[in-house]
Amino acid sequence: MASVALRLPENVPGDFFVDSTCIDCDACRQIAPATFADDGDASIVHHQPENDHETRRALMALVACPTGSIGTVEHHDAHIGIDAFPEVIADNVYYCGFNAESSFGAWSYLIVRPIDKGGNVLIDSPRYATQLVKKIEAMGGAGTMLLTHKDDVADHVRFAAKFYCRRIMHADDGAERRGLETVIRGEDAFEIDQDLIAIPVPGHTRGHLVFLYQNKFLFTGDHLAWSPKRNSLIAFRSACWYSWTEQTRSMEKLLDYDFEWVLPGHGRIHHDSPANLRAALRDCIDWMKTV
Ligand code: SF4
């Protein structure tokens with residue numbers, strides 16, 4: 001719970017506020033940009049919600065905030081924010097909300113499919129919050145959990161125990177040590193089912209994977225994201241823990257695939273045509289070679 005006593009002085013006066021426990025994960029700014037803004041190394045409220053839509057988005061940000069750093073002075077029905085998750089992005093792909101602090105607020109996703117199409121899939125782990133778990137259960141549970149890399153595993157053990165899901169991760173990020181059910185090795189793409197491919201992309205970590213669903217949705221973990229500031233696809237040079245050279249080489253592998261959505265753990269979601277995303281990916285690779 002956010003504390004009024006820790007309210008950042010940079011917030012505009014009024015109901016919603018961010019306190020000093022903010023870790024600057026960007027989730028609130030992406031969910032409710034009308035209310036939250038970047039203030040250097042933290043988010044602040046730059047504009048108080050003025051209508052039901054803005055209030056709902058601000059309450060969703062409050063629920064998603066991994067550190068409970070968003071508070072309100074007035075009472076609100078918490079279910080307005082809670083019940084909004086999982087939130088559909090497109091088709092049968094959802095953003096889970098309830099970001100986990102242990103993965104620095106990384107975003108996680110849910111694919112909802114009938115059992116005969118492979119069943120539901122969690123991509124990276126949200127916070128194990130009872131309200132979210134019940135919603136996922138009501139949507140059919142999760143038979144598979146895809147883990148892009150070791151930083152974003154969060155509460156995977158609890159989700160696996162709840163839903164008996166098969167977890168998939170790369171050996172080079174410690175999948176065996178964690179006792180995961182399916183361990184991917186080497187650098188070849190791995191077909192999980194007819195609609196899902198795991199693509200090893202070493203760089204951010206040695207065993208980083210991205211997952212491509214229906215040649216449309218690319219779940220990119222910390223490998224690739226959209227930057228509104230650069231108006232381009234980017235990789236995170238200052239958060240590359242293994243090898244930037246390898247990450248640049250891995251990025252070139254993605255030119256072989258079509259996708260319309262980039263769905264990262266950190267950084268911004270982006271949607272465009274496959275041709276435009278391929279062009280943006282080429283620009284990103286060229287830029288990576290210069291830094
Ligand atoms: S979601 Fe929470 S931790 Fe993340 S930037 Fe906003 S206030 Fe800070």
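Start at 1 and go down the list; that is how both ligands and their atoms are numbered. Every heavy atom of this structure was used, including side-chain atoms; hydrogens, water molecules and symmetry mates were not.
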Undergrad: Would you please say whether a donor-acceptor pair under 3.5 Å links the side chains of His204 and Asp151?
TA: yes

Undergrad: Here's one to test your reading of the geometry: is the NZ or CZ of Arg206 within 45 degrees of the ring axis of Trp241 and under 6.0 Å from its centre?
TA: no

Undergrad: Go through the structure and list residues passing side-chain hydrogen bond (donor to acceptor under 3.5 Å, both in side chains) with Arg57, not counting sequence neighbours.
TA: Glu87

Undergrad: Answer yes when Arg29 and Asp26 have at least one side-chain N-carboxylate O distance shorter than 4.0 Å, and no when they do not.
TA: yes

Undergrad: Around atom 4 (Fe) of ligand 1, list the protein N/O/S atoms within a radius below 2.8 Å, excluding water molecules.
TA: Cys25 SG

Undergrad: Name the residue from Phe211, Phe259, Tyr213, Tyr109 that meets the ring-ring contact (aromatic ring centres under 6.0 Å, His included) definition with Phe219.
TA: Tyr109

Undergrad: Check whether Trp261 reaches the backbone of Ile89 with its side chain - one donor and one acceptor, N or O, closer than 3.5 Å.
TA: no

